[in-house]
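Quick note: numbers below take in every heavy atom, side chains included, and nothing from hydrogens, waters or symmetry partners. Proteins get letters first, then strands, A, B, ... in listed order; numbering begins at 1 in each.
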2 protein chains.
Amino acid sequence: MATKTPVRPGGRSARIQQSVHLAVNELLDGGNREDLTVPLIAARAGVTPSTIYRRWGDLPALLADVAAQYFETDEVPQETGAFDSDLRAWGHQFHEEMSSPTGVQYIRDVLVGDQGGHSGACAGYALAQVEQIAQRWPQAKEPSVPEIMDHLVAPLMYGIVFAGNRLSAADVDALVDRLLPPED
Amino acid sequence: MATKTPVRPGGRSARIQQSVHLAVNELLDGGNREDLTVPLIAARAGVTPSTIYRRWGDLPALLADVAAQYFETDEVPQETGAFDSDLRAWGHQFHEEMSSPTGVQYIRDVLVGDQGGHSGACAGYALAQVEQIAQRWPQAKEPSVPEIMDHLVAPLMYGIVFAGNRLSAADVDALVDRLLPPED
DNA sequence: ATACTAAAGCAAAGATATTGCTTTTAGCTC
DNA sequence: GAGCTAAAAGCAATATCTTTGCTTTAGTAT
């Protein structure tokens, strides 16, 4: 169930979808994460709570949907003129983004929401960006996309989600260095 | 807040803690994960709902506590006679355990529960086991414990949590191979 | 335009969460 | 070990959230 598409996606449904998403994001920015409730969101969005329950199911599912939407915006990874430096720059940017309070929150929400449905959003986001970089430099065979996922993305995400530690920029560099073939 | 230790840990408090944990595990085994509620657990544990709310806060926190307890039981990694094979055997066993339906559920519960408090439990479990193996073979310098966490544990967990894919045994082997120094 | 029906609104009913107060009892002191 | 103190459980009333049947609104097709 991606972004909960109604059978009738136009007009009012679309407006309500936007309005509810906006309300969630505004309330999240407001910081009161704890007392975020469906009725509160509904009031802010100018909607009846039952509308939200009927369309999204419950609060976690709604939050997962909002978070997933965030990860669906694919930015273009910075172009630096070489594969190595593109990868390095992206690694830093990605880690910065994901380890920020907002990033961590979105990751959690995506994981918590509907069982497994959206969790791909987060993985997909990283994968899409890595693939973009790889396709930009077809002659560079090493490291492969799966290797980058396993040995750069995975350690970064593991640190953020499980260890709760924010790796230093030097740590990110070390991970990238380890991936790149030795220069001669 | 580990295993929600009351100021008065003996007698009745301990009994209730056990009884509630047991009720949760029984109901989880019963499979009806969806309609698991605090009142239901309370009824099964022979306890008043307000007791659970007062001690654990809410359902996710309780589930996180139960899951964290599971990860606190430290088994001894299998001894195979060499560092390489100990690491390989553990990698397989760990992956097997964590990618099982039960394992995935516990991981989720730990992540969802109290914000960051318990999430270490899961990481701590893996780390403790890797450290045990490392200490068993002090002369083996490579790979280091952090390297194992970054390049074996992290990819396994990333696959399970984000990609929702269960890696094959061959994939686990490949990760271990990649870590071990080249034989001459 | 009109008809058809998905989706929203409304409101009552049902379930869960919170809270003030009372009762029980673990842990301490004598 | 008997008594004291306060932490934690029980109880019950209240507040809040969730679900659901029915009505109304408004996209979409004809």
Side-chain angles (χ1 to χ4, degrees), chain A residues 1-24 26-28 30 32-66 69 109 112-115 117, chain B residues 1-24 26-28 30 32-66 69 109 112-115 117:
Chain A
M1 114 180 173
T3 310
K4 197 62 178 189
T5 310
V7 175
R8 196 182 276 181
R12 180 164 65 164
S13 291
R15 277 197 307 278
I16 283 181
Q17 151 112 341
Q18 283 177 6
S19 159
V20 168
H21 274 224
L22 181 63
V24 169
E26 285 176 350
L27 289 168
L28 282 178
N32 32 2
R33 187 103 190 11
E34 287 306 306
D35 10 304
L36 189 64
T37 66
V38 170
L40 187 68
I41 295 166
R44 175 133 197 165
V47 160
T48 245
S50 66
T51 294
I52 293 181
Y53 288 116
R54 282 224 164 88
R55 257 181 87 171
W56 281 275
D58 59 7
L59 181 60
L62 171 56
L63 295 180
D65 189 42
V66 171
Q69 177 148 301
D109 287 340
V112 174
D114 53 12
Q115 308 287 47
Chain B
M1 109 186 180
T3 309
K4 197 65 180 187
T5 310
V7 174
R8 196 183 276 181
R12 180 164 65 164
S13 291
R15 276 196 309 277
I16 283 181
Q17 152 112 340
Q18 284 177 4
S19 157
V20 169
H21 274 224
L22 181 64
V24 169
E26 284 176 351
L27 289 169
L28 282 179
N32 32 2
R33 186 107 194 9
E34 287 306 307
D35 9 306
L36 189 64
T37 66
V38 170
L40 188 68
I41 295 166
R44 175 135 197 162
V47 158
T48 246
S50 66
T51 296
I52 294 182
Y53 289 118
R54 284 227 163 87
R55 256 182 86 172
W56 281 277
D58 57 8
L59 180 60
L62 170 57
L63 295 180
D65 188 43
V66 171
Q69 178 149 302
D109 287 341
V112 174
D114 54 12
Q115 309 286 47

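Atoms CD (A/E34) and P (D/dT16) sit 17 Å apart, rounded to a whole Å. The interatomic distance linking B/I52 (CD1) with D/dC11 (C1') rounds to 15 Å, in whole Å. As a whole-Å value, the separation of B/R15 CZ from D/dA8 C1' is 12 Å. A straight line from CZ of A/R55 to P of D/dT20 spans 19 Å, rounded to a whole angstrom. Across the protein-nucleic acid pair, A/R12 atom CZ and D/dT28 atom C1' stand 14 Å apart, rounded to whole Å. Atom C1' of nucleotide D/dT25 and atom CD1 of A/I16 are separated by 10 Å, given to the nearest angstrom. Atom CG in B/D58 sits about 18 Å away from atom P in D/dT16, given to the nearest Å. Counting to the nearest Å, the C1' atom of C/dA7 and the CH2 atom of A/W56 are 12 Å from each other.
For A/T51, a side-chain nitrogen or oxygen approaches OP1 or OP2 of C/dG9 to under 4.0 Å. One finds no side-chain N or O of B/R54 lying less than 4.0 angstrom from the OP1 or OP2 phosphate oxygen of D/dA8.
The shortest heavy-atom contact between A/T48 and A/A42 is C-CB, 4.0 Å. Between B/L63 and B/L36 the shortest heavy-atom distance is CD2-CD2, 3.9 Å.
With rounding to the nearest 0.5 Å, the separation of CD in A/Q18 from CZ in A/R15 is 9.0 Å. Considering CD of B/E26 and CZ of B/R44, their distance stands at 4.0 Å, rounded to 0.5 Å.
In terms of position along DNA chain D, the nucleotide closest to A/T37 lies nearer the 5' end than the nucleotide closest to the other residue of the pair A/T37 and A/S50. In terms of position on DNA chain D, the residue among A/P49 and B/T48 whose nearest nucleotide sits closer to the 5' end is B/T48.
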